[in-house]
Number of protein chains: 2
Amino acid sequence: MAATSFEGSSSFCPALGEDMAHLVQQAQETFALLQTPKAISDFALFYKSLGDETRLKIVALLLLRDLCLCELVDGLNVPTSTMNHHLQMLVKGGVIQGRREGKFTIYHLNEAVRPYLPFVEVK
Amino acid sequence: MAATSFEGSSSFCPALGEDMAHLVQQAQETFALLQTPKAISDFALFYKSLGDETRLKIVALLLLRDLCLCELVDGLNVPTSTMNHHLQMLVKGGVIQGRREGKFTIYHLNEAVRPYLPFVEVK
DNA sequence: ACTATAAAACTAGAAAAATAGATGTATAAT
DNA sequence: ATTATACATCTATTTTTCTAGTTTTATAGT
């Protein structure tokens, strides 16, 4: 019945069904990213949170020193609610943390992410 | 006329207008990211292109070896046109490159981006 | 060579889902 | 009461995904 030599594959690609299934399995064993649904969703959130020009400017300022929301509003000239929205995206992405100090919330870059910011000058 | 001590600033934030303007200027001098509109847009595109679960899976597979579109379709089980769209986003983001070989387009990870992929196991 | 066929990749367009940004209100600290 | 932040909601825009159709390349047959 089967007209082709490869069961389950109707493709003439370089690597057929069997080969790709094997490669996908190898990737799952190699990268923590692929081992749980949460892992991959966390990584996607991390990159997504950095994929916006305003948020990159926020990160650049936080690389120099910790800043509160109102300072960032002042420096980058965006509305408070918009700034708050962007800061929460960066918190969800694991890029920054906020700590309450009196009536201010001071935002701080997670040091662990520094190596993954290509625009940081490495001396 | 001015009721406050700081012209142009109505804020009692830790750092006021003058201070923030200075910090923003310092950031512009420090980070190439902030020096041209194209630079920041390129970085945003880079991160945006990685901020999607399907595209992270593509990158994981391309870390193992070069693959054509149809192999990725076979391995990740998404429609051809959807895969093509994601591959073009990754190309625009500077994460991968494609080269035509006969009727295939082989996609290849740009080696320069490896250090910025946190999910790569470093041995 | 010429034609027909099929595979692989690309493109166009639209529906569905997610996000950016604005407005207004609520909470917390001084 | 004032200031700083958080939140809830809404609209406009963007992104994701899919269907369908087109182009390019390779192969088979004549």
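Residue numbers begin at 1 in each chain, while the letters A, B, ... track the order of the sequences.
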Novice: Under 4.0 Å between a side-chain N/O of B:H86 and OP1 or OP2 of D:dT15, yes or no?
Specialist: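 For D:dT15, OP1/OP2 do not have a side-chain N/O of B:H86 under 4.0 Å.
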Novice: Between C:dA8 atom P and B:I106 atom CD1, what is the distance in whole Å?
Specialist: 11 Å
Novice: Please determine whether a side-chain nitrogen or oxygen atom of B:Q88 lies at a distance below 4.0 Å from atom OP1 or OP2 of C:dT11.
Specialist: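 Yes, within the criterion.
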Novice: If you take all heavy atoms of B:Y47 and A:P118, which pair is closest and at what distance?
Specialist: OH-CD, 2.6 Å
Novice: Over how many whole Å does the gap from B:K103 atom NZ to D:dT27 atom C1' extend?
Specialist: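 So the two atoms are 8 Å apart, to the nearest Å.
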Novice: On the nucleotide C:dA9, are OP1 or OP2 found under 4.0 Å from the side-chain N or O atoms that B:Y107 carries?
Specialist: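 Indeed not, no polar side-chain atom of B:Y107 lies that close.
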Novice: Between B:R100 and C:dA8, does any side-chain N or O lie under 4.0 Å from OP1 or OP2?
Specialist: no
Novice: Judged by each residue's nearest nucleotide on DNA chain C, which is more toward the 5′ side, A:G102 or A:V78?
Specialist: A:V78
Novice: Starting at CG of B:L76 and ending at P of D:dT17, how long is that distance when rounded to a whole Å?
Specialist: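 Rounding to the nearest Å, CG of B:L76 and P of D:dT17 are 12 Å apart.
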Novice: What is the distance from CZ of A:F104 to C1' of D:dA6, rounded to the nearest Å?
Specialist: 16 Å
Novice: Counting only distance, no hydrogens or angles, is the base of D:dT19 paired donor-acceptor with the side chain of B:S81 under 3.5 Å?
Specialist: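 Present.
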Novice: In whole Å, what is the span from the CG atom of A:L87 to the P atom of C:dT19?
Specialist: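 My rounded result for the distance is 17 Å.
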Novice: What's the NZ-P distance between B:K92 and C:dC10, to the nearest Å?
Specialist: 14 Å
Novice: OP1 or OP2 of D:dT5 sitting under 4.0 Å from any side-chain N/O of A:N84?
Specialist: no
Novice: Looking across every strand, which nucleic acid part, if any, lies under 4.0 Å from A:T80 by heavy atom: base, sugar-phosphate, or nothing?
Specialist: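 Answer is base: heavy atoms of A:T80 come under 4.0 Å of a base.
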Novice: For this output row, return yes or no: ring centroids of B:F119 and A:F43 closer than 6.0 angstrom.
Specialist: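 They qualify: ring centres under 6.0 Å apart.
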Novice: Compare side-chain N and O positions of B:K48 against OP1 and OP2 of D:dT15 and report whether any pair is under 4.0 Å apart.
Specialist: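 So the side chain of B:K48 is within the cut-off, an N or O lying under 4.0 Å from OP1 or OP2 of D:dT15.
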Novice: Rounded to whole angstroms, how far apart are CG on B:D52 and C1' on D:dT17?
Specialist: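 The distance from CG of B:D52 to C1' of D:dT17 comes to 11 Å, rounded to the nearest Å.
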Novice: Quick one: label B:T82 by what it contacts on the DNA or RNA (base, sugar-phosphate, nothing), any heavy atom closer than 4.0 Å.
Specialist: base
Novice: Which residue in the set A:L61, A:L90, A:V91, A:D66 passes side-chain contact (heavy atoms from CB on, under 4.5 Å) when paired with A:Y107?
Specialist: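 Output: one option passes, namely A:V91.
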Novice: In this structure, how many angstroms lie between the P atom of D:dT15 and the CE atom of B:M83, rounded?
Specialist: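 Computing the B:M83:CE to D:dT15:P distance gives 19 Å.
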Novice: Starting from the 5' end of DNA chain C, give me the residue, A:L45 or A:E101, whose nearest nucleotide shows up first.
Specialist: A:L45
Novice: Minimum heavy-atom separation for B:L62 and B:I96, please, with both atom names.
Specialist: CD1-CG2, 3.7 Å
Novice: Which is true for B:H85 with a 4.0 Å heavy-atom rule: it touches a base, it touches only sugar-phosphate, or it touches nothing?
Specialist: base
Novice: Taking all non-hydrogen atoms of both residues into account, name the closest pair between A:R55 and A:S49 and its distance.
Specialist: NE-O, 2.6 Å
